[in-house]
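Let me begin by presenting the structure, written as structure tokens, before commenting on it.
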Amino acid sequence: MRLALINPPWNFEGSIYFGCREPHLPLELGYAQALLRQAGHETLLCDAHLTGQGMAALCEEVAGFTPDITVVTTAPSYLFWRCAPPELRVPSDFLRTLDGRGGRTVAIGPHGSVTPAATLRKLRVDAVVRGECEEVLVALAGTDWRNVTSLGLRRGNDICITGGPAAGRFTDLPALHWPDGWIQAHHHHHHRFDSPQHGPGAEVEASRGCPFACSFCAKIDFRDRYRRRDLDTLLQEIDTLAAQGVTYLYFIDEIFLPQVPLLKALEARRLQFGIQTRIDLWKPDLLRLLGAAGCVSIEAGVESLTEAGRDELAKNCRLSTDQLAALLVEARRHVPFVQANLIGMEQDDPRMVARWREQMNEAGVWSNEPVPLYPYPSSPSYRARWGEPDDLAWERAHAHYLAAFDAFSDIQTDRPLPLAQLEAACQAEV
């Protein structure tokens with residue numbers, strides 16, 4: 001079986017997505033390719049966002065490969081799980097340009113995971129994968145699709161949903177090896193704001209999922225259960241990246257929990273790396289080890305500066321705001337860049353937030369203007385407000401977001417466009 005695995009060239013104009021818009025290595029597609037090749041299948045992996053390939057050239061390359069199955073992501077790879085753009089215009093544009101030359105078509109990502117029927121109708125693909133894609137794609141390549149679970153399937157004018165979201169093993173996924181050209185093109189990858197980057201960067205994944213259940217996190221239908229990857233395999237992948245010239249790693253883990261064996265192994269390799277974490281999970285001795293291991297960037301989710309706000313977000317945080325601040329300052333003693341992420345909460349007085357941010361800034365910790373909360377359909381906050389997601393879940397969440405907020409913080413200055421406008425092309429095909 002021949003499969004094309006595609007990350008298209010992304011366009012974020014008018015999107016709600018306000019984070020890092022630079023390319024990221026498509027880890028999920030890389031894992032899928034490794035498993036497919038182990039099973040004897042041929043693959044073409046294209047990341048047009050990373051390589052700068054245009055849509056027309058991408059589709060010609062895919063058509064020239066003559067795949068039996070073409071797989072396209074519905075969100076930039078690293079963004080699958082938590083802050084994906086809600087619109088489907090880019091994968092729709094890819095499929096429209098491909099124009100039936102890719103064999104059977106499959107969409108992967110958060111949209112099909114939470115709203116499979118709507119995603120099938122908008123994109124007019126043959127199937128969507130619900131949940132984590134790697135092992136499901138191997139099954140699709142070697143099995144009658146009617147016997148594969150965790151799918152949304154199109155059967156003529158009918159749609160069939162075959163089970164809930166998939167959660168793969170993850171722990172034994174093979175070490176990845178990226179093309180040298182991709183690594184050398186990855187010089188612009190960077191998650192720090194305090195200094196320029198020297199040398200290529202790369203993403204890696206040490207764990208998947210999260211043991212917490214914060215109300216704002218979009219993980220119910222995707223990457224929910226916490227698992228750690230085999231350490232030897234992870235280090236093999238990191239050593240390969242280092243041999244290719246990589247000097248900076250970014251762990252895309254939903255939450256980078258303290259792992260002493262991994263930190264000591266990284267300390268011996270003298271690489272720099274960045275993480276996302278909760279500061280309340282780290283003690284001073286572990287923060288010292290984190291810095292010694294090469295960590296140069298921490299994005300720490302604080303979210304609210306009041307106990308009531310953190311309780312509403314179901315943070316399950318046992319520390320006070322003062323204790324959290326002390327840990328952030330301690331982290332800054334060992335790590336050059338520390339960021340405290342805040343969400344706009346009605347429990348947090350704006351004057352109090354401004355004073356706290358100023359105090360953190362004086363201590364060398366950067367904190368953002370509180371960000372409005374987008375109620376992703378895979379989050380508990382969506383379900384508390386509207387119940388289980390239906391086919392209009394993304395439209396409902398997006399309309400609420402635009403109606404509820406007039407300003408979108410110092411991270412996002414432009415007002416996002418309505419979802420119908422962003423998806424005009426694919427809506428016309430429904």
Side-chain angles (χ1 to χ4, degrees), residues 3 5-7 20 22-53 73 76-78 80 132-135 137-138 168-192 197-208 223 227-254 256 259-276 290 292-297:
L3 293 91
L5 309 173
I6 308 301
N7 190 31
C20 177
E22 297 172 347
H24 297 75
L25 291 171
L27 298 185
E28 295 89 348
L29 294 181
Y31 295 136
Q33 175 172 256
L35 295 178
L36 286 163
R37 288 181 173 177
Q38 286 178 0
H41 303 290
E42 297 180 59
T43 60
L44 170 71
L45 174 53
C46 296
D47 190 331
H49 194 53
L50 188 150
T51 62
Q53 189 177 30
T73 66
S77 182
Y78 154 67
F80 269 9
E132 297 169 29
C133 68
E134 296 96 341
E135 294 169 34
L137 293 178
V138 176
R169 297 189 308 272
F170 177 73
T171 56
D172 58 353
L173 286 176
L176 300 180
H177 189 166
W178 301 103
D180 289 339
W182 284 21
I183 296 300
Q184 294 308 313
H186 221 29
H187 275 269
H188 51 269
H189 167 98
H190 202 34
H191 287 84
R192 292 173 63 193
Q197 179 181 343
H198 302 286
E203 292 78 27
V204 290
E205 190 174 15
S207 66
R208 182 176 289 186
R223 303 170 66 102
R227 293 143 287 167
R228 287 183 178 177
R229 199 166 169 209
D230 176 76
L231 180 58
D232 289 338
T233 303
L234 173 62
L235 293 175
Q236 179 186 343
E237 184 174 314
I238 289 173
D239 289 341
T240 298
L241 291 167
Q244 291 177 287
V246 166
T247 60
Y248 173 79
L249 302 171
Y250 186 74
F251 286 92
I252 73 158
D253 307 37
E254 284 87 344
F256 189 93
Q259 300 184 44
V260 172
L262 172 58
L263 293 177
K264 289 186 175 180
L266 290 170
E267 183 178 13
R269 284 161 171 77
R270 304 185 67 81
L271 293 168
Q272 294 185 336
F273 63 92
I275 65 169
Q276 302 176 94
L290 183 63
C295 183
V296 293
S297 175

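Just so it is clear, the model here is predicted, and its values are computed rather than measured. Hydrogens, waters and symmetry mates play no part in the numbers below; they use all other heavy atoms, side chains included.
Nearest heavy-atom pair across Gly245 and Pro200 is O-CD, 3.2 Å. Between Thr171 and Arg228 the shortest heavy-atom distance is CG2-O, 3.1 Å. What you find for Glu28 and Cys133 is that their closest heavy atoms are CB-SG, 4.1 Å. Contact between Leu231 and Leu262 at its shortest, heavy atoms only, is CD1-CD1, 3.8 Å. In plain terms, the two heavy atoms of Leu27 and Val204 that are nearest each other are CD1-C, 4.0 Å. Among all heavy-atom pairs drawn from Gln259 and Ala206, the shortest one is NE2-CB, 4.4 Å.
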### Task
Mind running side chain to side chain contact (heavy atoms under 4.5 Å, CB included) on Trp178 and Asp47 for me, showing each step along the way?
CA-CA 11 Å; Trp178 301 103; Asp47 190 331; over 6 Å; no

#### Entry: Derivation of the side chain to side chain contact (heavy atoms under 4.5 Å, CB included) call for Tyr248 and Leu271
CA-CA 6 Å; Tyr248 173 79; Leu271 293 168; over 6 Å; no

### Message
Using side chain to side chain contact (heavy atoms under 4.5 Å, CB included), reason through Leu25 and Leu50 one step at a time and then give a plain yes or no.
### Response
CA-CA 7 Å; Leu25 291 171; Leu50 188 150; 3.6 Å; yes

### Message
Applying side chain to side chain contact (heavy atoms under 4.5 Å, CB included) to Leu137 and Leu35, what does each step give before you reach the verdict?
### Response
CA-CA 9 Å; Leu137 293 178; Leu35 295 178; over 6 Å; no

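The backbone N or O of Leu234 sits nowhere less than 3.5 Å from a side-chain atom of Glu205 that would complete a donor-acceptor pair. Within the 3.5 Å criterion, the main-chain N or O of Gly294 finds no donor-acceptor partner in the side chain of Arg269. The main-chain N or O of Gly168 is found under 3.5 Å from a side-chain atom of Glu132 such that the two form a donor-acceptor pair.
Using cut-offs of 30° and 60° for the angle between ring planes, the Phe273 and Phe256 rings count as tilted.
Between the CD1 atom in Ile252 and the CZ atom in Arg208 there is a gap of 7.0 Å [rounded to 0.5 Å]. The CD atom of Gln276 sits 9.0 Å away from atom OG of Ser297, with the distance rounded to the nearest 0.5 Å. Taking CG of Leu45 as the start and CG of Asn7 as the end, the distance is 8.5 Å to the nearest 0.5 Å. The distance from atom CG of Asp172 to atom CG of Asp230, rounded to the nearest 0.5 Å, is 8.0 Å. In this structure, Leu290 CG and Leu263 CG are separated by 6.0 Å, a value rounded to the nearest 0.5 Å. Annotation: the span from Glu135 atom CD to Leu36 atom CG amounts to 11.0 Å, rounded to 0.5 Å.
Side-chain atoms of Pro26 and Trp182, non-hydrogen and from C-beta on, do get closer than 4.5 Å to each other. Under the 4.5 Å side-chain criterion, counting only non-hydrogen atoms from C-beta, Leu241 is in contact with Ile183.
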